[in-house]
Every structure is written in C-alpha cells, then in structure tokens.
Amino acid sequence: MKALLTAMMITASMSAKGAVTIPPTVIPYDVNYHWGIINVNIAHGTVKYQCDGTNFSGTLDGVSIPWEGHVILVSDTLQAQMLPSEKYSLEKIDYQSGWYRRPKAKYFRSEGYDSANPENYKTISGAGQYDASDNSMEAIAITSDMIGMYYYANEIDFEELQPNQVIEIKLEGIYEQELKITYLGKGSYEIENTIYPTYNVMFEYNYHGKMSGYPVQMRIRQSDKLPIFLSASIPVGKVEMIYNP
C-alpha cells in the first residue's frame, strides 16, 4: 500500500503543471484610439511583471495625452499565486487594486495637485470620492484581471495548440472567476519596420460571474513570449496597446 501511495504521489507530481519563472519585465506601450476615420495616439502605458515560479506580481500604469483639458491616469496591480494544476497553473489572487484619476491638465504637474486627496481618485474597491462612471471603473477592474494574462502568455506552449482551440482557466479570488483563451494561430506584426512572428490569441475574463463582453486580441512575440499588441473594442470605437521598443 505504501509503495502504491508513493507511486501515485510521484505520478501526480509529474502530471501537474508547474509554474514558470519570469524575470522582471517592463513593456512600454503606445495606446491608440480608433473610431471611423479617427486614429489618434491617446496615451502611453507601461506593464511591469515577474514571477519567481509561484508568486506573480504585475502592474499596469497609463497616462493619457491631455484630452478636453484633463489628463486621465489609471493604475492596476495584481498579485497572485500560480499553483501547480493538471494542465495550466491555477491563479489564486492575493491582492488586486485599480485606481482612476482625471485631474485638470494645468494642475496635474503643479504643486497644487494632491493625488492622495480622496476627491481626486476612485478605486475598484470603492475608495475615493471622485465621480467616475461605472463603465470606467468596470474597465479598470477588467484591466487589473488582464494582467494575469501576461503570465499565461509565458506558460502556454502554443506550439502544441491547434487554431481555434479554447483554454479555460479557473481563478480563485474575491469571487469565482474564469479566463477563456482562444488560440487563433500564428501570424506576424510589424512595428517600426520590424516584423515580429507572433502567436495570436483572443481572451476574455468574466466579471461578477459572467463574461465581461470585452474580448481582447493579443499578439505574443514568438521569440520571448512578449505581448506586443493588444486590441479591445469598447462601446464607441477600439483601443489598441502597441509595444514601443
């Protein structure tokens, strides 16, 4: 019996998928907005992330170009344990935060602007007094979930997948969540006259128990699993994040 239990434990440890180690990575992005003939650069963003084999942490910070006299600032943080599972790591969320600020452009870099004043911000946990729209805060909550996709971009072996194959990953956190990834196949993407071979996927997180309705397309550079392009449709137009090497 003891030998049988030992064999079962060894088999289970061999079949369980272990987490991957990701060195500290920083990706600068340009953020573009498209709507009809409108095609403008509206913001700059940075995604930072790393994983020691179990503990994943990531942040997304964005600052808009002054728009209608204001500057929009967003900041998302995700900390999670990536635990061995049968195929892909189970994401257990330890900490999640999202901030939204919209100061007047002329005050943004002045000494008179206090970013810590509750009147100047709103968070996805309900802190702060700024009158941000429900749609804005929902988008920021979904974006904070999305940071976890940077981990799975590294863990998934896309070479073993078939086009249109769907991966479903359960998440543990404040409420039960799910990440649905559809592999679209191989492709390429050109940035500043350089063509990068890519793995193309579409993914979507659920939000309060149902799918968000905001699927995101992501192009992942084959050479190092770096997400170099993300695109999501919004109620009016489309937003794109493009790697700025």
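These figures come from a predicted structure and were not determined experimentally. Scope of the values below: all heavy atoms of this structure, side chains included, with no hydrogens, waters or symmetry mates.
There is a path of hydrophobic side-chain contacts, each under 4.5 Å, that joins Val216 to Met149.
Shown here are the ring pair (Phe, Tyr, Trp, His ring centres under 6.0 Å) partners of Tyr49, two or more places apart in sequence or in another chain: Tyr150.
When hydrophobic side chains of Ile, Leu, Val, Met, Phe, Trp and Tyr are connected at separations under 4.5 Å, Tyr95 ends up as a singleton with no cluster partners. The hydrophobic cluster containing Leu184 also includes Met202, under a criterion of side-chain heavy atoms closer than 4.5 Å among ILVMFWY residues, counted directly or through chains of members.
Using a 3.5 Å distance cut-off with no hydrogens or angles, the side chains of Asn200 and Thr198 do pair a donor with an acceptor. For the residue pair Ser231/Gln217, the side-chain donor-acceptor check at 3.5 Å is not satisfied.
For residues 186-208, the salt bridge (charged side-chain N to carboxylate O under 4.0 Å, His left out) pairs, not counting sequence neighbours, are Glu159-Lys186. For residues 212-224, the salt bridge (charged side-chain N to carboxylate O under 4.0 Å, His left out) pairs, not counting sequence neighbours, are Arg221-Asp224. Evaluation of the side chain to side chain donor-acceptor pair (under 3.5 Å) test over residues 70-80, restricted to residues two or more places apart or in two chains, returns Asp61-Ser75.
Between Tyr121 and Tyr100, the closest side-chain pair of non-hydrogen atoms is not below 4.5 Å. Inter-residue side-chain proximity for Asn41 and Asp30 is flagged as met; some heavy-atom pair is nearer than 4.5 Å. The shortest side-chain heavy-atom distance between Tyr29 and His44 does not fall under the 4.5 Å cut-off.
Two rings, from Phe229 and Tyr189, have their centers less than 6.0 Å apart.
Within a 6.0 Å sphere centred on NZ of Lys92, heavy atoms belonging to other residues, nucleotides or ligands number 12 at most.
Using a 4.0 Å cut-off between a side-chain N of Lys or Arg and a carboxylate O of Asp or Glu, Glu160 and Lys87 qualify as a salt bridge.
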